Amino acid sequence: MQEVKEQTARNRILSRLRRSANEPIAFEESYERMQGVEWNDADRVTEFCLQLEKSHAEVHRVPANDWVATVKKILVEKQVRSALLPPGTPLGIELKNALVADISIVHYPDSYAEFKPQLFDDINAAVTGARWGIAETGTLVLWPDAEEPRTMSLVPPLHVVVLDAKQIVNTLFSLMTDEKWAEQGMPSNALLISGPSKTADIQQTLAYGAHGPCELVAIVRE
């Protein structure tokens with residue numbers, strides 16, 4: 001009898017979910033609020049950096065041709081011994097050539113299970129790119145893939161992110177519009193990062209560096 005009741009309740013829940021999935025979602029009422037503030041190109045970058053720094057991130061605005069030297073300097077100053085890089089991207093290739101004499105370079109292997117002990121115990125930093133930046137909230141938007149798996153951004157204690165200034169948009173709504181999420185659908189896996197790891201689990205007191213990256217460094221290439 002109990003099993004029949006549970007099955008009936010399950011069917012009711014699934015029926016409601018199926019109906020709601022086919023119902024259009026109306027955004028018109030909050031459309032203007034979602035658009036948010038508009039900045040010009042220069043102010044947009046400044047606002048992005050300001051908001052990200054408010055979230056305890058370290059931000060460096062550098063000329064496009066100086067970003068490799070800046071990343072190298074940061075890793076050396078922070079005494080990084082082993083850095084995880086994406087092997088097949090332009091970012092990873094340029095950094096590997098610049099860092100090979102000073103820092104042990106590690107690439108993500110095919111097998112996560114075998115790599116897990118090294119990832120959690122030996123890797124000091126990871127360097128990834130970012131697809132977008134959101135000025136309103138100081139948020140980095142990453143698209144994890146086979147070259148830059150999600151764990152690169154979530155496990156090493158230091159996360160260095162390289163972002164082109166031209167890829168900074170005003171708001172999350174701007175990003176959704178530019179990426180055509182409404183027409184083409186949302187990505188299956190996206191990371192929105194605003195500062196290093198933090199938690200407020202203990203007495204509702206915000207603490208930084210509780211889990212995941214204790215430091216976030218953003219390199220904005222202008």
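Just so we're clear, the structure is a prediction, and the values are computed from it rather than from any experiment. Side chains included, hydrogens not; waters and symmetry mates left out as well; all remaining heavy atoms used.
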Heavy-atom side-chain proximity of Lys116 to Tyr112 below 4.5 angstrom:
yes

Hey, could you give me the CD/CG distance between Glu222 and Asn65, rounded to the nearest 0.5 Å?
12.0 Å

Do Thr139 and Ser194 get their side chains close enough for a donor-acceptor pair, meaning under 3.5 Å?
yes

If you look at every heavy atom in Ala218 and Leu52, which pair is closest and at what distance?
CB-CD2, 3.6 Å

Mind checking the CG-CZ spacing from Leu142 to Arg131? Nearest 0.5 Å is all I need.
11.0 Å

Quick check: does any side chain N or O of Glu215 sit under 3.5 Å from a backbone N or O of Leu158, one acting as donor and the other as acceptor?
no

Between Val59 and Val45, is there shared hydrophobic-cluster membership here, with clusters defined by ILVMFWY side-chain heavy atoms closer than 4.5 Å?
yes

Please lay out, stage by stage, how Thr46 and Arg61 fare under the test side chain to side chain contact (heavy atoms under 4.5 Å, CB included).
CA-CA 9 Å; Thr46 299; Arg61 299 175 64 171; 3.2 Å; yes

Is there a side chain to side chain contact (heavy atoms under 4.5 Å, CB included) between Leu75 and Leu99? Walk through the geometry before answering.
CA-CA 9 Å; Leu75 295 180; Leu99 299 176; 3.7 Å; yes

Any heavy-atom pair between the side chains of Thr151 and Phe120 that's under 4.5 Å?
no

Ignoring hydrogens and geometry, is there a side-chain-to-backbone donor-acceptor pair from Thr128 to Val161 under 3.5 Å?
no

Heavy-atom nearest pair, Gly195 first then Ala57, reads CA-CB, 4.3 Å

Ser174 and Thr171: side-chain donor and acceptor closer than 3.5 Å?
yes

Please determine whether a side-chain nitrogen of the Lys or Arg among Glu77 and Lys72 lies less than 4.0 Å from a carboxylate oxygen of the Asp or Glu.
no

Less than 4.5 Å apart, any side-chain heavy atom of Glu47 and any of Asn170?
no

Do you reckon Ile74 sits in the same ILVMFWY cluster as Met152, going by side-chain contacts under 4.5 Å, direct or chained?
no

When you look at Ile123 and Val155, which way does the side chain to side chain contact (heavy atoms under 4.5 Å, CB included) test go after all the steps?
CA-CA 9 Å; Ile123 304 297; Val155 176; over 6 Å; no

Might you work through the side chain to side chain contact (heavy atoms under 4.5 Å, CB included) test for Leu95 and Trp67, ending with a clear yes or no?
CA-CA 10 Å; Leu95 279 176; Trp67 75 272; 3.8 Å; yes

Of the non-hydrogen atoms in Gln51 and Thr137, which two are nearest, and what is the gap between them?
CB-C, 3.7 Å

Rounded distance [0.5 Å steps], CD1 in Ile134 versus CZ in Phe173
13.0 Å

Identify the heavy atoms of Trp143 and Ala190 that sit nearest to each other, and give their distance.
CZ3-CB, 4.3 Å

Main-chain N/O of Leu163 paired with Arg221 side-chain donor or acceptor, under 3.5 Å
no

Mark yes or no for whether Asp164, through its side chain, and Lys166, through its backbone, hold a donor-acceptor pair below 3.5 Å.
no

Are Leu50 and Ile168 connected in the hydrophobic side-chain network, where two residues link if heavy atoms are under 4.5 Å apart?
no

Can you tell me how far apart CD (Glu38) and CD (Glu136) are? Round to the nearest 0.5 Å.
10.0 Å

Would you call Val217 and His159 a side-chain contact if the rule is heavy atoms closer than 4.5 Å?
no

Other residues, nucleotides and ligands only: do more than 12 of their heavy atoms fall within 6.0 Å of CD on Glu114?
no

OH on Tyr108 to CG on Leu119, rounded to 0.5 Å
5.5 Å

For Pro144, is there any backbone N or O sitting under 3.5 Å from a side-chain donor or acceptor partner on Asn189?
no

Is it true that Trp132 and Glu179 share a donor-acceptor pair across their side chains at a distance under 3.5 Å?
yes

Side-chain touch Glu58/Lys78, heavy atoms, less than 4.5 angstrom:
yes

Minimum heavy-atom separation for Val220 and Cys49, please, with both atom names.
CG2-SG, 4.2 Å

Side chain to side chain contact (heavy atoms under 4.5 Å, CB included), paired with Val160, selected from Leu216, Leu85, Ile219:
Ile219

Count I, L, V, M, F, W, Y as connected when their side-chain heavy atoms are under 4.5 Å apart, and connections chain through other members. Are Trp39 and Phe48 then in the same cluster?
no

May I ask you to test the Pro156-Asn124 pair for a side-chain heavy-atom distance under 4.5 Å?
no

Please tell me whether Val169 and Trp181 are part of a single hydrophobic cluster in this structure, the criterion being side-chain heavy atoms less than 4.5 Å apart.
yes

Looking only at heavy atoms, the pair that brings Gly129 and Glu148 closest together is N-OE2, 3.2 Å

Rounding to 0.5 Å, atoms CD (Gln167) and CG (Leu140) come to a distance of 12.5 Å

Check: Val68 main-chain N/O paired with Glu94 side-chain donor or acceptor under 3.5 Å
no

Min side-chain heavy-atom separation Ser82-Val106 under 4.5 Å:
yes

